[in-house]
Participant: 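Here you go, one structure.
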Amino acid sequence: MEAWELDAREQIRGLVAAYNALGDRGRFDAVMALFADDAVMDVGDGRTYEGRDQIRTIFTGTRDSIQDGDSNTDGSGGGPRFLQHHTTGLHVALDGSEAATGHSYFTVMTDRGIDHWGRYQDAYRPVDGTWRFASRRVRIDGTTPGGWADKRLNGPVS
C-alpha cells in the first residue's frame, strides 16, 4: 500500500466520524464543510438534496423536530433530549487517488435507548487536498416501536 492510500483511508475515516460527532452537537457549519460544494444527499424521503444549502435543511429539520416534539420538561414529549449516532463497520474502496466509495452501519441512541439503525452508502473525493463527501445515501433499516424515528417515519410525532 502506498502512502497516499493510507492518507486517503485515514482522512475518510475521520470524515465519517466527524459527520455524526458534529451533527449530533448541532455544529452544522462544520458538517457542511465535510461536503463538496456540489455534493448530493439522499435520506430516503423521496427527494435528492443537492449542494450544501439543501443538505443543511436535513440537519436543521431534524433539530427542529426534536425541539418541537419535546415540549415537556420531564422528557415525556414526542422528541428525545438528544441524538447520538454510532457508526461501525466502515469499509472504504479507493478508486485511484481522486475517488472512493464506502459503506458503514449506524445506530442512533437517545436518552430513551436505541431509536433507529441503518446504513450509509458514500462516495468521496478530494477537494483542495482534503477528502469530502461527494454523495451520501442514508437508509434506515429499523426503528424502535414508538420511538422518535418510528413516529417521524410512520406517523405524526406527538
Side-chain angles (χ1 to χ4, degrees), residues 9-92 100-125 127 130-158:
R9 288 178 187 283
E10 192 56 31
Q11 280 195 49
I12 291 168
R13 281 187 195 97
L15 176 71
V16 171
Y19 171 87
N20 284 330
L22 295 168
D24 287 346
R25 287 160 185 77
R27 297 183 55 200
F28 303 137
D29 289 340
V31 173
M32 292 307 101
L34 302 175
F35 288 87
D37 289 337
D38 60 347
V40 175
M41 193 158 170
D42 171 2
V43 294
D45 64 356
R47 63 179 284 214
T48 301
Y49 298 81
E50 298 180 15
R52 289 178 177 172
D53 289 341
Q54 286 186 16
I55 292 170
R56 178 185 296 274
T57 66
I58 298 166
F59 294 90
T60 56
T62 298
R63 177 202 60 208
D64 294 348
S65 77
I66 291 171
Q67 291 173 348
D68 293 343
D70 195 6
S71 57
N72 299 333
T73 57
D74 66 356
S76 63
R81 285 184 236 152
F82 64 85
L83 295 178
Q84 190 181 75
H85 291 70
H86 298 266
T87 307
T88 62
L90 174 61
H91 175 77
V92 175
T101 57
H103 61 269
S104 57
Y105 300 100
F106 67 86
T107 303
V108 179
M109 304 293 290
T110 71
D111 53 306
R112 299 175 191 150
I114 295 175
D115 187 76
H116 60 285
W117 53 93
R119 296 164 280 140
Y120 295 125
Q121 295 173 310
D122 301 323
Y124 319 102
R125 74 168 185 263
V127 176
T130 303
W131 285 85
R132 301 288 182 225
F133 289 106
S135 68
R136 175 156 262 205
R137 181 177 183 219
V138 181
R139 288 298 174 260
I140 294 175
D141 292 333
T143 62
T144 298
W148 173 77
D150 186 57
K151 291 177 184 175
R152 260 188 111 192
L153 296 171
N154 299 316
V157 175
S158 59

Participant: Which pair of non-hydrogen atoms, one from Ala134 and one from Arg125, has the smallest distance, and what is that distance?
Facilitator: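 Closest heavy-atom pair between Ala134 and Arg125: CB-NH1, 3.5 Å.
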Participant: With side chains defined as the heavy atoms from C-beta onward, is the minimum distance between Met109 and Asp115 less than 4.5 Å?
Facilitator: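 Counting from C-beta outward, Met109 and Asp115 never come under 4.5 Å.
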Participant: Aromatic rings Phe106 and His85: how do their planes relate, parallel, tilted or perpendicular, breaks at 30° and 60°?
Facilitator: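 Phe106 and His85: tilted rings.
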Participant: Are any non-hydrogen side-chain atoms of Phe133 and Met41 less than 4.5 angstrom apart?
Facilitator: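 No - every pair of side-chain heavy atoms lies 4.5 Å or more apart.
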Participant: Quick one: closest heavy-atom pair of Asp42 and Arg47, and the distance?
Facilitator: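 Minimum heavy-atom contact is OD1-O, 4.2 Å.
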Participant: Counting only heavy atoms not in Arg27 (residues, nucleotides, ligands), do more than 12 fall under 6.0 Å from its CZ?
Facilitator: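 Atom CZ in Arg27 is not packed in, count stays at 12 or less.
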Participant: So, do Val40 and Phe35 sit near enough that their side-chain heavy atoms are less than 4.5 Å apart?
Facilitator: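 The answer is no, as the side chains (C-beta and beyond) never meet within the 4.5 Å cut-off.
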Participant: If every non-hydrogen atom of Ile114 is compared with every non-hydrogen atom of Thr144, which pair is closest and at what distance?
Facilitator: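 Answer, listing the atom of Ile114 first, then Thr144: O-OG1, 2.6 Å.
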Participant: Identify the two heavy atoms, one from Asp24 and one from Leu83, that lie closest to each other, and give their separation to 0.1 Å.
Facilitator: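 Residues Asp24 and Leu83, closest heavy atoms: CG-O, 3.3 Å.
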Participant: With rounding to the nearest 0.5 angstrom, report the CG to OG1 distance, Asn20 to Thr87.
Facilitator: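 Interatomic distance, Asn20 CG to Thr87 OG1, rounded to 0.5 Å: 4.0 Å.
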Participant: Is there a donor-acceptor pair under 3.5 Å between the side chain of Arg81 and the backbone N or O of Thr110?
Facilitator: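 The answer is no, because no donor-acceptor pair under 3.5 Å joins these two groups.
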Participant: Side-chain contact test, heavy atoms from C-beta onward, threshold under 4.5 Å: evaluate it for Val138 versus Ile58 and give yes or no.
Facilitator: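 No - every pair of side-chain heavy atoms lies 4.5 Å or more apart.
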Participant: With rounding to the nearest 0.5 angstrom, report the CG to CH2 distance, Asp122 to Trp131.
Facilitator: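 These two atoms lie 12.5 Å from each other.
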Participant: Quick check: does any side chain N or O of Thr143 sit under 3.5 Å from a backbone N or O of Ala149, one acting as donor and the other as acceptor?
Facilitator: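 Such a contact is absent between Thr143 side chain and Ala149 backbone.
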Participant: Please check if the number of heavy atoms outside Phe28 that lie under 6.0 Å from its CZ is greater than 12.
Facilitator: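 More than 12 heavy atoms, drawn from other residues, nucleotides or ligands, come within 6.0 Å of this atom.
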Participant: Tyr120 vs Tyr19 aromatic rings, parallel, tilted or perpendicular, using cut-offs 30° and 60°?
Facilitator: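 Tyr120 vs Tyr19 ring planes: perpendicular.
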Participant: Are Val16 and Arg136 side-chain neighbours, meaning at least one heavy-atom pair lies under 4.5 Å?
Facilitator: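 Side-chain contact under 4.5 Å: yes.
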Participant: Does some side-chain heavy atom of Arg52 sit less than 4.5 Å from a side-chain heavy atom of Asp37?
Facilitator: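 With C-beta onward as the side chain, the pair touches.
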Participant: Could you tell me which non-hydrogen atom of Ile55 sits nearest to which non-hydrogen atom of Ala39, and how far apart they are?
Facilitator: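 It is CD1-O, 3.8 Å.
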Participant: Looking only at non-hydrogen atoms, find the nearest pair between Leu34 and Ala18 and report the distance.
Facilitator: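 Minimum heavy-atom separation between Leu34 and Ala18: CD1-C, 3.9 Å.
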Participant: Students often mix this up, so state it plainly: with edges at 30° and 60°, are the rings of His116 and Trp148 parallel, tilted or perpendicular?
Facilitator: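 Ring orientation, 0 to 90° scale: tilted.
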Participant: Keeping the roles fixed (side chain from Arg119, backbone from His103), state whether a donor-acceptor pair exists under 3.5 Å.
Facilitator: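 A pair under 3.5 Å: no.
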Participant: Could you grab the distance from atom CG of Asp53 to atom CE of Met32, nearest 0.5 Å is fine?
Facilitator: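 It comes to 9.5 Å.
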Participant: To the nearest 0.5 Å, how far apart are CH2 in Trp117 and OG1 in Thr88?
Facilitator: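 With rounding to 0.5 Å, CH2 (Trp117) is 13.5 Å from OG1 (Thr88).
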Participant: I want to check something: taking the side chain as every heavy atom from C-beta on, are Asp29 and Arg56 in contact at a cut-off of under 4.5 Å?
Facilitator: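 Contact flag for Asp29/Arg56 side chains = yes.
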